[in-house]
Each structure stands twice: as structure tokens, then as C-alpha cells.
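Below is one structure; the comments refer to it alone.
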Amino acid sequence: MANVPPKDKRFESGEIVFWCHQCGHEYSVHYGIVDEQYKFDVYIDYLAPRERRRIYSDYVKGVPIDEFDTEQRFHKLPKNWSYDTKLFEIKQDPLTQEEINFKLDINKPETLKEAYDKGFLVKRAKIFHGSIESEITKDGWRIHKGYPQDWGINRTPNYTTVTCSKVYRTYDEAQKEVDEHIEEYKR
């Protein structure tokens, strides 16, 4: 059975994994959650802290940024408005007491999985990476959700694909590969 990865290199959907990431001549350990495995490739979603930002204005009362959609209706500009007038604010929710007390240990994948299951960590794709701006026209103003023109080029990836032989179940295994690459680079 040459076309099947060894048993220790088969990963289940939802499993926390680590791998050696290379960017130029720099190496680091990255981690994520397995989406799927096709033969020798493992599709992994990056994880990030949950979204805590909310939008506030006279018309928007604390809508979570990931649930917010560009306002359809324009509003009248406030009296004495100028271009430096703040029309909305973005605030962060504080961490919950449970999040503060949670002991995350990168060396223990089960704590990463627990943080994911509790919603403290989410798939990076769920985080809004664009910008929130005031759109001002002759009709008034509204809050606009936008993305930079180079959005597809310079953004941080939400997932990656790694050959199963380079995916590890522990941080230490991935760190060992990082150390080997660094030693080879120094040599």
C-alpha cells in the first residue's frame, strides 16, 4: 500500500496539529486545526483569538464587527460636522473571567483544542481583516465595511496545506524540525 500515508501520519478533522513554517530564511512553529486530509496533504485552518471588537455610533449600538454589514441607509451629518469629527467608534469587549483564568499551554495540544471548543480560539477565516470607515457622500454618511485593493495579495492566510510527513501532533516535534533547519542554515 504505497499510496496510503503511514498510520501515525493520518489526521482526523478537528485535530490540533503543528508544523515547521518557512518564510525566507526564517523558520517557526505554526499550529492549527485539521480541516481534512487527502492522501498525503493535510488542509489546516489557522486559529486566532476570538473577535471581540464592536461598532458603536448613534445608529449602531454595539454590533459585533464580524456580524456587521455595511449600513444601507445614509444618515444626516451632525451639526458642526468637520472631517475630523468621529462618527463611530470601535471598542473591544473585555476578556471574560473564564478566558482570563484559562491556562493555555502551546506544548499541550489538548489545551488549544479546549480553547477552540470553548470559543476562545476560532478559525482565522472568521475574523474580519478589512477596515471600518465612514462613507461620506452628498446623501450623508454611513458606516462602510471595506477591504484594501491589494486584499488578495498581501493578506494573512486563513489556511494552509502541508504534506502529512511534515505535520506533527506535538509542538516539540515541529520545533525539532525548525531547529534542524536553523542549524543547516547556519552551517
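Heavy-atom basis, side chains included; hydrogens, waters and symmetry copies ignored.
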For a 4.5 angstrom cut-off between non-hydrogen side-chain atoms, does [X] reach [Y]?
X	Y	result
Tyr46	Pro157	yes
Val34	Tyr43	no
Ser134	Tyr83	no
Ile106	Tyr31	yes
Trp19	Lys166	no
Phe120	Glu98	yes
Ile143	Phe68	yes
Cys164	Arg10	no

Does [X] belong to the same Ile/Leu/Val/Met/Phe/Trp/Tyr cluster as [Y], with side-chain heavy atoms less than 4.5 Å apart forming each link?
X	Y	answer
Val17	Leu121	no
Tyr116	Val29	yes
Phe74	Trp81	no
Val63	Tyr56	no
Tyr59	Leu87	yes

[X] and [Y] ion-paired at < 4.0 Å:
X	Y	value
Asp172	Lys176	no
Glu133	Lys145	no
Arg54	Asp93	yes

Donor-acceptor under 3.5 Å ([X] side chain, [Y] main chain):
X	Y	result
Glu183	Tyr185	no
Glu15	Glu12	yes
Glu26	Cys23	no
Thr163	Ser165	no
Arg124	Asp45	no
Lys9	Val167	yes
Arg142	Glu71	yes
Arg53	Ile65	no

Item to check | Within 6.0 Å of NZ in Lys61, more than 12 heavy atoms from elsewhere | outcome: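 Result for NZ/Lys61: enclosed.
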
Checklist entry - With a cut-off of 6.0 Å (strictly less than), are more than 12 heavy atoms of other residues, nucleotides or ligands near CD of Glu110? => result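 More than 12 within 6.0 Å, yes.
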
So, taking the atom named [atom1] in [X] and the one named [atom2] in [Y], what distance separates them when rounded to the nearest 0.5 Å?
X	Y	atom1	atom2	answer
Glu51	Ile127	CD	CD1	5.0 Å
Arg169	Glu173	CZ	CD	8.5 Å
Cys20	Ile182	SG	CD1	8.0 Å
Tyr171	Asn107	OH	CG	7.0 Å
Thr160	Asp35	OG1	CG	12.0 Å
His129	Asp66	NE2	CG	10.5 Å

Checklist entry - Honestly, is Lys118 close enough over Phe102, meaning NZ or CZ under 6.0 Å from the six-membered ring centre and within 45° of the axis? => result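 Verdict for Phe102: no cation-pi partner in Lys118.
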
Checklist entry - Do the ring planes of His30 and His21 sit parallel (below 30°), tilted (30 to 60°) or perpendicular (above 60°)? => result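 If you compare the ring of His30 with that of His21, the planes turn out parallel.
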
Checklist entry - Going by atom types alone, do Gln37 and Asp41 pair a side-chain donor with an acceptor below 3.5 Å? => result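 Note: Gln37 and Asp41 side chains miss the donor-acceptor criterion.
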
Next on the checklist: Please give me the minimum heavy-atom distance between Val60 and Ile55, naming the atom from each residue.
Outcome noted: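 Heavy-atom minimum between the residues: CG1-O, 3.5 Å.
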
Item to check | Verdict with reasoning, Ser82 to Asp84, per side-chain hydrogen bond (donor to acceptor under 3.5 Å, both in side chains) | outcome: CA-CA 5 Å; Ser82 69; Asp84 61 350; 2.3 Å; yes

Next on the checklist: Apply side-chain hydrogen bond (donor to acceptor under 3.5 Å, both in side chains) to residues Glu177 and Tyr27 and explain how you reach the verdict.
Outcome noted: CA-CA 9 Å; Glu177 183 180 335; Tyr27 295 90; over 6 Å; no

Checklist entry - Given Gln97 and Ile100, is the side chain to side chain contact (heavy atoms under 4.5 Å, CB included) satisfied, shown in steps? => result CA-CA 5 Å; Gln97 194 60 45; Ile100 292 169; 4.1 Å; yes

